[in-house]
Amino acid sequence: MPLLQLLVKVVKILRAHGTPGQVAAGFAFGMCLGLIPWDTLHGFFIWFLVIILNVNFGAVLLGLAIFSSIAYIFDPIFHSIGYWLLVDVEFLREFWTSLYQSPVIPFTRFYNTVVMGSTSISMILFVPVLILTRWLVKNYRVKIDPHIQKLPLFQMFKATKIYNIYQKIKVLSEL
Amino acid sequence: MKYIRKSGVIFVAVLVLIFVLLNIFLTDKWLERTLEKAGEGIVGAKVEIDNLDFSILNLSFKWNRLQVAHPEIAFKNMIETGPVEFKLSPSALLKRKVVIERMKVLNIKTFTDRKTDGRLPKKKEEKKEPSFIEKQFAVVLEQVTSTPAFDILSEIKTMKVEDVVDKVKLETPNKVDSIKKEFISRVDKIRAEVESIEKEIDSLRQIERNLRSLNVRDIKTVDDLKRTRDVIVNAANFVKGLKGKYDSRINEVKDLKSKIEGAKLEFQDAIKSDLAKVKDYAKIPDISKMEVVRYLIGPKLFSYYLTYLKYSDRVEKAVEKLQAIKPEKEKKPPRFKGQDIHFVKEKALPNFWLRRCEISGETNGGFFIKGELLDVSSQPKIVGRPTIFSLEGTRPDKAQLYLKLVLDFVSSPPSQKLQLGILNFPIVDLKFDHNVKYLPIRLARASGNFNFEISKQANLIESTAKFNALNPAFAYQDVKFNNQYEEKVAEIFKQTFNSVKNVDVNILLSFKGSDFDVRFNSMLDRQLTQGFKDAVGKEIERIKQDVEKAVREKIDSYLADFERSVENKVNEAYSKLEQYNVQISEFEKLKDAKLREIEDEIKRRGGKLLEQIFRR
């Protein structure tokens, strides 16, 4: 059931709400929120951006759901990457030390291995995820969606209760 | 405006408003709970703060009372304070650092009563391998809690030495048996070989007899003489072969004999160890120096030592981790928690720094105390100054207290020094932690001084403790003694304790790497040891001798069997071989003599023949 709900959500996001750019930005921000621990200054800042910027909120939640489960699996890798950047890369030590002693920045908890690892990965993935999602949404809407709409299975699904419930609560995801 | 969500801006504005309102109404409660929780995490018992007041404008904290419950004792506070005030540095807070310039803790009290049980359910602690120091202390604690010198008293009369010896598994009989088995096949082999030589020696005897009966003058011709000489030479060759055999056998026997001597030394070691084992089982003490004071105050003192060293070690390790330039990677930190890397830099700010804390109050012992705590910091290397805690206390009865603790985590290796003194204090009901029924259970009354000092640097620990009690009055528990020896010892001890006007104990403790040394010096010990010797020294000596005798009797049968089945046989073979040696030597002498005789005879007859030829 949850899988089906997720699938419906994905299709719905891909189909109509917001421009491909808004969906892609929402998904990329969702990815960041999924990967980066929330009790950090930049975690708050991303939430702030997500709320005030005109991005697709459904895509944010989708990205968050997918990447927070990935984050759990990849946590030891983030720890290793973070440790490597903070401790093993000698030429960065001076830079980290000055950040550690500067105002406000320490609230990002950049000195934590998991925060550093997950933030670095999010920064690396942000633009590729943004571009790829935008391309996917665009192509889906033009090439795939008309065919899916015509599928008898989809027609049948549209007639079910689940779809009706989703129609009623879609307002939430369109916030 | 295309990119900004209007509803989003409103939502954020509402959130900020809610946050401000919550901050106004709930911050104090929230902070109170947060600080209490953090404190409980450190102490492992309830921490309660009353009426916390936090001002966001000047970042000041104030509360009326702080109670830190005792983690082990119900309804008792370890520490209770009156009003506490401090202010956070705003510039440091902007850098996520907590810097407190000045803190005031008033009316501090120790060991106060509380209305509720402040103990928290104990968390399952990970089983850690005890440190070297913990292991050493465990050994010493074992020494001071087991009291063989006293345990034997109840059994002096009833002890059956044979029963004790039967109950202990002796090592020597097994050792003797196994070595006997090992030797016995070699002994049999050598005996068989000696027997085979015996047959050849019989032939040798026959040859010898023939040789002895040979009269050279009776041989008629020179040719016969020459033939006889060849026969003797052949016999000599046979004996030469026999001698070769003999030499290798005698070497084997000599080797076996030296191995038997080695085994006998091993038996002596095993006997010594068996004797020690039996004495240990029978709890026969060494009463030359008893260190009774060790039993009296050792358990309490060592548990204090261990507690101090355990906590100081914990603090040292935590600080070391916080100020490590290249901290070791944690293998498996909890999920989403990671590992914090702290970037230490000189002349910067540490994560936490309490620059000065003034303390005043009263201890449960009635001392009015006043002191200060300087430079408590999470990264002392940044601060560049050691943490110093100094405290002085006085009482209306002129008793004094001083304490100075210096934790120097700035220098490398880190060092710490604690000095504690309580002077001129009247002692009332000082309880001793021991199970020895002959010793007093408490010091009912005295006036005393206690000076204690401990310094630690890396794995070098040195400590001295001096305890001095004037005009002591000891109290004893009512004990039913099992025999007259127990009564005698108890009486002598009581007399000794009662006659003492000054109990003076010096304790020296040192760790140097893996060397551990602890010494108790006290006049009282010498007196008590002498008293114990006078009371039961003879009886203990008798038991010791009986035990030794019983052990030796039991082992002797095995040794006799070993002697019978191995040693005697080897010696027998050896002496036989020695006889053969004599026989062979005698034969060789005889052979040489006969050969010489024949040679001389040949020469003589040859000379005669030449003379006859020339005469002609």
Side-chain angles (χ1 to χ4, degrees), chain A residues 19 21-22 25 35-39 41 44 47-57 68 71-76 78-88 90 92-118 174-175, chain B residues 1-19 34 88-99 321-353 378-379 381-383:
Chain A
T19 63
Q22 283 173 323
L35 296 180
I36 300 167
W38 290 4
D39 56 344
L41 186 67
F44 275 108
W47 272 114
F48 175 75
L49 288 180
V50 161
I51 292 165
I52 67 154
L53 290 181
N54 207 357
V55 294
N56 186 293
F57 202 71
S68 54
Y72 185 82
I73 300 162
F74 283 90
D75 179 78
F78 293 155
H79 169 59
S80 295
I81 293 170
Y83 183 85
W84 178 72
L85 284 168
L86 291 167
V87 180
D88 292 337
E90 288 292 336
L92 285 175
R93 176 161 290 276
E94 198 63 29
F95 174 63
W96 299 135
T97 309
S98 61
L99 283 188
Y100 193 74
Q101 298 299 341
S102 61
V104 186
I105 305 290
F107 287 95
T108 59
R109 289 184 52 227
F110 75 91
Y111 52 82
N112 180 278
T113 51
V114 168
V115 173
M116 175 54 77
S118 58
E174 284 165 12
L175 183 75
Chain B
M1 284 304 280
K2 180 178 140 189
Y3 297 109
I4 304 292
R5 200 198 311 259
K6 218 194 238 172
S7 58
V9 176
I10 296 165
F11 181 70
V12 169
V14 171
L15 268 184
V16 170
L17 193 71
I18 292 170
F19 178 75
T34 310
L88 300 181
S89 157
S91 58
L93 203 61
L94 206 60
K95 294 178 178 179
R96 210 173 186 262
K97 324 272 185 218
V98 176
V99 175
K321 207 172 161 188
L322 280 168
Q323 53 185 10
I325 290 176
K326 223 174 174 183
E328 210 171 292
K329 189 180 174 185
E330 283 177 23
K331 275 185 187 158
K332 261 189 175 179
R335 292 260 162 176
F336 299 127
K337 293 281 173 206
Q339 179 185 355
D340 286 346
I341 311 292
H342 303 280
F343 294 91
V344 183
K345 182 185 161 190
E346 273 178 38
K347 290 175 189 167
L349 283 175
N351 288 351
F352 175 82
W353 188 8
S378 56
Q379 286 122 334
K381 273 189 183 162
I382 298 180
V383 174

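Keep in mind that this is a model prediction, so the values were computed, not measured. Hydrogens, waters and symmetry mates are skipped; everything else that's a heavy atom, side chains included, is used. Below, read A as the first sequence line, B as the second, and so on, with proteins coming before strands; counting in each chain starts at 1.
Between atom NE2 of residue A/His79 and atom NZ of residue B/Lys332 there is a gap of 11.5 Å, rounded to the nearest 0.5 Å. Note that the CG atom of A/Leu53 and the CD1 atom of B/Ile4 stand 5.5 Å from one another [nearest 0.5 Å]. The OH atom of A/Tyr111 sits 11.0 Å away from the CD1 atom of B/Ile341 when rounded to the nearest 0.5 Å. Atoms CZ and OG, on B/Arg96 and A/Ser102 in that order, are 13.0 Å from each other to the nearest 0.5 Å. For the atom pair CZ (B/Phe343) and CZ (A/Arg93), the distance works out to 5.5 Å, reported to the nearest 0.5 Å.
Residue with the most contacts toward chain B among A/Ser80, A/Ala25, A/Gly117, A/Pro37: A/Ser80 (heavy-atom pairs, distance under 4.5 Å). With respect to chain B, the highest number of heavy-atom pairs below 4.5 Å among A/Val115, A/Thr97, A/Val114 belongs to A/Thr97. Annotation: maximal heavy-atom pairing with chain A below 4.5 Å, among B/Glu330, B/Lys95, B/Arg335, occurs at B/Arg335. Among the candidates A/Leu99, A/Thr113, A/Ile105, A/Asp88, the residue making the largest number of heavy-atom pairs closer than 4.5 Å to chain B is A/Thr113.
No more than 12 heavy atoms of other residues, nucleotides or ligands lie within 6.0 Å of CD in B/Glu328, so this atom counts as exposed by the packing criterion. More than 12 heavy atoms of other residues, nucleotides or ligands shown are found within 6.0 angstrom of CH2 on A/Trp47.
With a threshold of 4.5 angstrom between heavy atoms, A/Glu94 does not approach chain B through any atom at all. For A/Phe107, the parts sitting under 4.5 Å from any heavy atom of chain B are the backbone and the side chain alike. In this structure, the portions of B/Phe336 lying under 4.5 Å from any heavy atom of chain A include both its backbone and its side chain. Neither the backbone nor the side chain of A/Leu49 comes within contact range of chain B, judged by heavy atoms closer than 4.5 Å. Heavy atoms of A/Tyr72 lying under 4.5 Å from chain B belong to its backbone as well as its side chain. Neither the backbone nor the side chain of B/Ile10 has a heavy atom closer than 4.5 Å to any heavy atom of chain A.
Judged by distance alone, the side chains of A/Tyr100 and B/His342 do bring a donor and an acceptor atom under 3.5 Å apart.
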